[in-house]
Each structure stands twice: as structure tokens, then as C-alpha cells.
Amino acid sequence: MCGSDLVLNYGRWERAFPMVCVARPPYIEDVKEEILNHPSEYKKNFYLISENTKDVSSTKVRKLLFKAKWEELEKSELISKEVLLYLKTKYEENTLKEDDFSWM
């Protein structure tokens with residue numbers, strides 16, 4: 001599973017195994033065009049989810065998370081309060097490390 005950025009910027013969706021992309025506005029049409037411009041052997045393994053998605057940037061969430069900007073993250077409404085509480089707890093327990101997300 002990946003976001004629009006992996007499809008549009010990195011070409012990492014060109015795999016033999018199935019790939020699910022959750023595309024958010026305003027990138028949905030760009031992702032569809034990217035898929036159309038690739039050989040069919042990749043298309044058969046690609047699934048696009050684009051309905052009922054919110055414009056939420058995981059990059060922005062990670063930046064706020066690892067700067068411990070909890071208030072700003074809560075006000076942004078990028079993630080639910082329950083997810084925020086979980087991530088904050090893991091961060092404070094030192095079990096959530098930025099290096100764990102370096103591949104993203």
C-alpha cells in the first residue's frame with residue numbers, strides 16, 4: 001500500500017506483486033494518468049483507491065510527529081485524536097523512531 005507520491009515521484013509501484021495506492025485530492029487524476037502511461041503487465045497488479053479520501057499528507061504528519069508538535073498536529077486534524085494519542089504514547093515510550101520511517 002502506498003500514497004500518490006510513490007506512484008508519481010518514485011516509480012516504486014512497478015512491481016510484479018499487487019500494489020494498492022490510496023490517492024488523495026488533488027493527485028487522483030495524475031495517478032490515473034501515470035497508470036495509463038505504463039505497460040499493461042504493471043496495470044494488472046495495480047489497485048487505486050480514490051473515493052472518500054481526504055487530503056492528508058503523511059509527510060506533514062511525520063514532520064509534526066517527530067518534532068513533538070502535538071498541539072499543532074491535533075489542530076491540523078490530519079489524524080484522529082485516538083491515533084494522535086497512540087503515536088504520542090509510542091513516541092514518549094521511545095518505541096517510535098524516525099529511522100523506522102526513513103524509507104518513506
Fill in: W70 vs L65, side chain to side chain contact (heavy atoms under 4.5 Å, CB included): CA-CA, chis, key distance, verdict
CA-CA 7 Å; W70 310 117; L65 171 66; 3.4 Å; yes
Worksheet item: Yes or no on side chain to side chain contact (heavy atoms under 4.5 Å, CB included) for K63 and S57, after CA distance, side-chain angles and deciding distance?
Response: CA-CA 10 Å; K63 285 181 181 179; S57 168; over 6 Å; no
Discussion item. Set out, in order, the CA-CA distance, both residues' side-chain angles and the distance that settles salt bridge (Lys or Arg N to Asp or Glu O under 4.0 Å) for E29 and K32, then state yes or no.
Written reply: CA-CA 5 Å; E29 294 306 315; K32 287 178 180 178; 3.7 Å; yes
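Of the inter-residue distances, the one linking I49 atom CD1 with I28 atom CD1 reads 11.5 Å to the nearest 0.5 angstrom. Atom CD of residue E71 and atom CD of residue E74 lie 7.5 Å apart, to the nearest 0.5 angstrom. Note that the CD1 atom of I35 and the CG atom of D30 stand 11.0 Å from one another [nearest 0.5 Å].
In the hydrophobic cluster analysis, where Ile, Leu, Val, Met, Phe, Trp and Tyr join through side-chain heavy atoms closer than 4.5 angstrom, L8 is grouped together with F46. Cluster membership for L64 and Y86, using ILVMFWY side-chain heavy atoms within less than 4.5 angstrom, is shared.
Nearest heavy atoms, L84 versus L73: CD1-CD2, 3.5 Å. In this structure, C21 and V31 approach most closely via the heavy-atom pair SG-CG1, 4.3 Å. Across all non-hydrogen atoms, the minimal contact from A23 to T53 is O-OG1, 2.9 Å.
Counting heavy atoms from C-beta outward, L87 and I79 have side chains that approach closer than 4.5 Å.
Relative ring orientation between F66 and Y91 is described as tilted, the plane-to-plane angle lying within the 30° to 60° band.
Atom CD of E93 sits in a crowded spot, with more than 12 heavy atoms from other residues, nucleotides or ligands closer than 6.0 Å. Other residues, nucleotides and ligands place no more than 12 heavy atoms under 6.0 Å from the CD atom of E77.
In this structure, the side chain of R24 engages the main chain of V56 through a donor-acceptor pair within 3.5 Å. A donor-acceptor contact shorter than 3.5 Å links the side chain of T95 to the backbone of K90. Side-chain atoms of S4 do not come within 3.5 Å of backbone N or O of Y27 as any donor-acceptor pair.
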